[in-house]
**Q** 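So that we are looking at the same thing, I have put the structure below in structure tokens.
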Amino acid sequence: MQRKTFRIFYTVGVAILLSSSILMAQSALEEGQQFLQKKANEPGVKTTHSGLEYKIITEGTGKRPAATDTVKVNYKGTLISGKQFDANNGISFPLDRVIKGWTEGIPLIKEGGKIILYVPSDLAYGSAGAGGVIGPDETLIFEVELLKVL
């Protein structure tokens, strides 16, 4: 009898957790969509065909990277709540090995340029989230300064 009761409580608990996770993901997706709709109406914010929104702060004057180039950048990443989840200065990486929003967005500026990327979930980490820091279906904001195309 005790085992059967435990299994029932366990099953109910798992169902509640799964339902809660699904609702949180739906909520994050809806909040992200609302955020992006508001951003799209702000001066200087443009939207690509994929849904990436961006605002060029400084276009830069150097070389413009291709999506397959390696770049060196300074950046800060935040959630739409304003919570910072990552930042780095002088980091290098190939653009074809990062989230789709970066692969598409960084080539919009040249060396010396600065851009703000408003990255919808499907161009970021999607329903999987990332590392326990970025939840499922989160819209992300990145402030990026392109230092060099390597």
Side-chain angles (χ1 to χ4, degrees), residues 9-60 62 64-150:
F9 281 121
Y10 178 78
T11 303
V12 169
V14 168
I16 290 171
L17 284 174
L18 287 174
S19 296
S20 175
S21 294
I22 291 168
L23 289 174
M24 285 173 53
Q26 286 176 338
S27 175
L29 192 57
E30 290 169 6
E31 287 176 14
Q33 289 169 343
Q34 290 172 0
F35 174 83
L36 292 169
Q37 285 175 351
K38 288 180 186 174
K39 280 292 168 196
N41 294 320
E42 289 185 8
V45 175
K46 297 179 181 175
T47 305
T48 67
H49 69 280
S50 70
L52 174 69
E53 293 183 12
Y54 66 95
K55 182 175 184 178
I56 295 176
I57 306 303
T58 308
E59 187 175 347
R64 184 180 308 274
T68 55
D69 283 335
T70 296
V71 296
K72 183 177 183 178
V73 300
N74 295 335
Y75 75 90
K76 177 176 84 170
T78 60
L79 304 175
I80 60 174
S81 67
K83 180 181 177 184
Q84 183 175 314
F85 61 84
D86 196 10
N88 216 313
N89 287 321
I91 188 167
S92 300
F93 50 81
L95 279 177
D96 58 0
R97 296 209 179 156
V98 293
I99 62 171
K100 292 177 186 176
W102 276 58
T103 304
E104 181 179 352
I106 301 304
L108 297 171
I109 58 174
K110 299 174 186 174
E111 291 173 328
K114 294 181 184 179
I115 191 168
I116 300 174
L117 301 173
Y118 304 102
V119 185
S121 167
D122 63 326
L123 299 177
Y125 297 98
S127 60
V133 178
I134 299 168
D137 294 317
E138 293 271 8
T139 294
L140 306 177
I141 304 166
F142 291 96
E143 295 177 30
V144 184
E145 177 183 14
L146 177 58
L147 301 173
K148 184 119 181 98
V149 178
L150 304 172

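The model shown is predicted, which means the values in this text are computed figures rather than measured ones.
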**Q** Can you list everything that forms a ring pair (Phe, Tyr, Trp, His ring centres under 6.0 Å) with F142? Sequence neighbours excluded, please.
**A** F85, W102

**Q** If you look only at pairs with a residue in residues 115-133, which of them pass as a salt bridge (Lys or Arg N to Asp or Glu O under 4.0 Å), with sequence neighbours excluded?
**A** none

**Q** Sort and list the pairs that fulfil salt bridge (Lys or Arg N to Asp or Glu O under 4.0 Å) and have at least one residue in residues 43-55, not counting sequence neighbours.
**A** none

**Q** I want to check something: taking the side chain as every heavy atom from C-beta on, are V73 and I91 in contact at a cut-off of under 4.5 Å?
**A** yes

**Q** Could you work out, with side-chain contact (heavy atoms from CB on, under 4.5 Å) as the rule, every residue matching A130, not counting sequence neighbours?
**A** Y125, I134

**Q** Looking at every heavy atom in both G51 and P120, which two are closest together, and how far apart are they?
**A** O-CG, 3.5 Å

**Q** Which side chain to side chain donor-acceptor pair (under 3.5 Å) pairs, counting each pair once, include a residue from residues 78-89, with sequence neighbours left out?
**A** Y75-D86

**Q** Under 4.5 Å between any side-chain heavy atoms of I141 and F35, yes or no?
**A** yes

**Q** What's the separation between atom CG in L140 and atom CD1 in I99, rounded to the nearest 0.5 Å?
**A** 6.0 Å

**Q** The criterion is side-chain contact (heavy atoms from CB on, under 4.5 Å); which residues satisfy it with E59, sequence neighbours excluded?
**A** I56, R64, K110

**Q** In Å and rounded to the nearest 0.5 Å, what is the CG to CD distance from L36 to E31?
**A** 12.0 Å

**Q** I want to check something: taking the side chain as every heavy atom from C-beta on, are S92 and L150 in contact at a cut-off of under 4.5 Å?
**A** yes

**Q** Not counting sequence neighbours, which residues clear salt bridge (charged side-chain N to carboxylate O under 4.0 Å, His left out) with K72? List them please.
**A** none

**Q** With K39, which residues qualify under salt bridge (charged side-chain N to carboxylate O under 4.0 Å, His left out), at least two apart?
**A** E42

**Q** When rounded to the nearest 0.5 angstrom, what distance separates CG in D69 from OG1 in T103?
**A** 11.5 Å

**Q** Who are the side chain to side chain donor-acceptor pair (under 3.5 Å) partners of T48, not counting sequence neighbours?
**A** S50, E104

**Q** Among L79, I80, L29, which residue satisfies the side chain to side chain contact (heavy atoms under 4.5 Å, CB included) criterion with T139?
**A** I80

**Q** Mind checking what makes side-chain contact (heavy atoms from CB on, under 4.5 Å) contact with E145, not counting sequence neighbours?
**A** N74, K114, L147

**Q** The criterion is side-chain contact (heavy atoms from CB on, under 4.5 Å); which residues satisfy it with L95, sequence neighbours excluded?
**A** P65, V71, F93, V98, I106, P107

**Q** Using the side chain to side chain donor-acceptor pair (under 3.5 Å) criterion, which residues pair with S121? Sequence neighbours excluded.
**A** D137

